[in-house]
Amino acid sequence: MPKSSKTYISELKDNVGGEVVLCGWVYNSRSSGKIQFLIIRDGTGLCQCIAEKGKVPDELFEQLKHLGQESSLTVTGAVRADERSVGGYELAVTDAKVIQEASDYPITPKSHGVDFLLKNRHLHLRSQRQWCIGRIRHSVIDAIRRFFNDNGFTLIDTPIFTAMAAEGEQTLFEADYFGSSMHLTQTGQLYLEAAAASFGKVYCFGPTFRAEKSKTRRHLTEFWMVEPEVAFIDLDGLLELAENFVAFIAAETLRSNKSELEGLGADISALEKMKPPFYRLTYSEAVDILTGEKTKIFLDEQLKELQEQKQQLETKIAGLEEKQGSQLKQWQRDKIAAELIELQAELAETNTKIENNPKHAKLAAEFQWGKDLGGSDETIISQMHDKPVFVTHYPREAKAFYMKTDRNDDRVVLNFDLLAPAGFGEIIGGSVREDDYDLLLGRIKEQGLNTENYEWYLDLRKYGSVPHGGFGLGVERTVAWLAGEKHIRQCIAFPRLMDKVYI
Ligand code: 4AD
Ligand code: MG
């Protein structure tokens, strides 16, 4: 007898030999005369359901045969284990009920352009790729919360409307707050510093906003950031906290989402290495690397590899184009077309990298001490390492007003960025905070900020000022790095980009 309650695909392993009811959507289907193969997804996984003519009513068999992608239905059947099948289990269908028949679903198994997919994000979220990324993001966020909750941190929710600019006035989103000027928060940090003087160890976690005028793969205008802040901590303490934190997130994601990571083609063995200690470089050492011989050789090697890659891609594309000319079934034609779109995108990307290589080499070779590291500089340093790299002690001029000046060398501040490896780049920015009233006031003025808005922040340096610090980790960048996804816009369900908000 079929069970009356539904079973999730993730529970099939406990139901082998039994009869279950699955509720879901048609992900894919194919027919071979007397057998209909339906791949169903239900939010927990995929399952191939096999309907055989004669084993289900004729009318139902015909209906299933013509069922479009993303139609919703319930399927009843017997569970079999089958290693070759997607997810490892199959359903021998005995009955099914179509809930809604969908036709002409706009996103087909063929490849589509980025613009089209973003316009259809409400539907594209159902794709395997977005599903895997969404599950990984969920685990990353779960690990973030657990790490801080289990290590004595108190959650503080900081405001989204604020009059303060902590990360530069150029990237503020203005908001009209009943006639007075306000903006959307760039960081919860300044409020957290107040809270750290009450609770000791605190964190905030929420959406943050930056009117970044850059359309890079690393920038969103709305992104999620988690920020811990700790009273009585120095730079070494912060680095240790950050590496334990990132290693924990990587380990938890590997533990919970190995199959999703595999599905996305992420580098699992690289992730297994993400154990402390991470590499540590000072900014000055990073500059020496960028302008040194080692980087020149590294980039020359890289250029050679890219040129080889380009040739291989061109050969593959030519081969497939030739195949397209021969007699093929429609599904074979579709498959080749999809492969071609992907290879062509890869080729375009390789060409861009070939074009950029000499530009990046020049930028690196001519890097002047004093500037902030640019995207390409970060990429080079991170490509040269197999684990995350801390870069510390940046020049004061290049960084935010609240960072503490190094008392041993007042040209630099006690800060760090953490660069994820393999070319990914910055995922964390943090620092020890200036705790001296006069020095902090001087920095606020130096940056031309309105001191009135910072009076309460300065108060913290009047009443029991202590050495303290913290950092911020961007969720989308972290997910993109772990998932091996190039563009962070894929790592949030509904991305907000500089040039467009699609839906
Ligand atoms: O380095 P940022 O600007 O540091 C701060 O906001 C500090 N107040 C944090 C702190 O010390 N409490 O940003 C921190 C991180 C970056 O390393 C990056 O991961 C992410 O936030 N981030 C962005 N992610 C996506 N799109 C953007 N436009 C981002 N800007 C920063
Ligand atoms: Mg930063």
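Start at 1 with the first residue, then count along the sequence. Just so you know, these numbers use all the heavy atoms, side chains as well, and skip hydrogens, waters and symmetry mates. In listed order, ligands and their atoms are each counted from 1.
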**Prompt:** Between Phe205 and Phe148, is the gap from one ring center to the other below 6.0 Å?
**Reply:** no
**Asked** Tyr177 and Phe161: aromatic ring centres closer than 6.0 Å?
**Response** yes
Give a yes or no on whether a salt bridge exists between [X] and [Y], defined as a side-chain N under 4.0 angstrom from a carboxylate O.
X	Y	answer
Glu222	Arg210	no
Lys316	Glu339	no
Lys371	Glu397	no

Mutual orientation of the aromatic rings belonging to [X] and [Y] [parallel < 30°, tilted 30-60°, perpendicular > 60°]:
X	Y	answer
Tyr457	Tyr454	perpendicular
Phe153	Tyr203	perpendicular
Phe209	Phe173	perpendicular

**side chain to side chain contact (heavy atoms under 4.5 Å, CB included) between Met164 and Tyr191, worked out** = CA-CA 10 Å; Met164 333 261 297; Tyr191 296 95; 3.8 Å; yes
**Request:** Decide, counting backbone as well as side-chain atoms, whether Glu426 has an N, O or S atom less than 2.8 Å from the Mg ion (ligand 2).
**Result:** yes
**Request:** Tell me, please, whether Tyr502 has Lys119 positioned over its six-membered ring: NZ or CZ under 6.0 Å from the ring centre and within 45 degrees of its axis?
**Result:** no
Can you sort out which atoms of ligand 1 are near [X], meaning under 4.0 Å from one of its heavy atoms?
X	answer
Arg433	10 (C), 11 (O), 12 (N)
Ile428	17 (O)
Gln189	7 (C), 8 (N), 10 (C), 11 (O), 12 (N)
Phe471	9 (C), 10 (C), 11 (O), 12 (N)
Thr187	6 (O), 8 (N)
Tyr402	7 (C), 8 (N)
Arg218	25 (C), 26 (N)
Glu212	28 (N), 30 (N)

Are any of the N/O atoms in [X] less than 3.5 Å from those in ligand 1?
X	result
Glu426	yes
Leu220	yes
Phe223	no
Ile488	no
Arg210	yes

**Region of His219 engaging ligand 1 - heavy atom pairs below 4.0 Å** = both
**Message:** Determine whether His393 and Tyr283 satisfy the following criterion, ring pair (Phe, Tyr, Trp, His ring centres under 6.0 Å), listing intermediate values before the conclusion.
**Reply:** CA-CA 6 Å; His393 300 86; Tyr283 166 89; over 10 Å; no
**Request:** Show your reasoning for whether salt bridge (Lys or Arg N to Asp or Glu O under 4.0 Å) applies to Arg135 and Glu260.
**Result:** CA-CA 8 Å; Arg135 300 269 294 184; Glu260 286 88 345; 3.2 Å; yes
Tell me which protein heavy atom sits closest to [atom], plus the residue, atom name and distance to 0.1 Å.
atom	value
atom 18 (C) of ligand 1	Arg477 NH1, 3.6 Å
atom 5 (C) of ligand 1	Glu167 OE2, 3.3 Å
atom 19 (O) of ligand 1	Ile427 O, 2.8 Å
atom 12 (N) of ligand 1	Glu227 OE1, 2.7 Å

**Request:** Report yes or no: do Gln189 and Glu193 form a side-chain donor-acceptor pair below 3.5 Å?
**Result:** yes
**Prompt:** Looking at ligand 1, does Glu476 have a heavy atom less than 4.0 Å from it?
**Reply:** no
**Prompt:** Is the closest heavy-atom distance from Gly470 to ligand 1 below 4.0 Å?
**Reply:** yes
**Asked** Taking atom 15 (C) of ligand 1 as the point of reference, which of Cys491, Gly472, Pro228 owns the nearest heavy atom?
**Response** Gly472
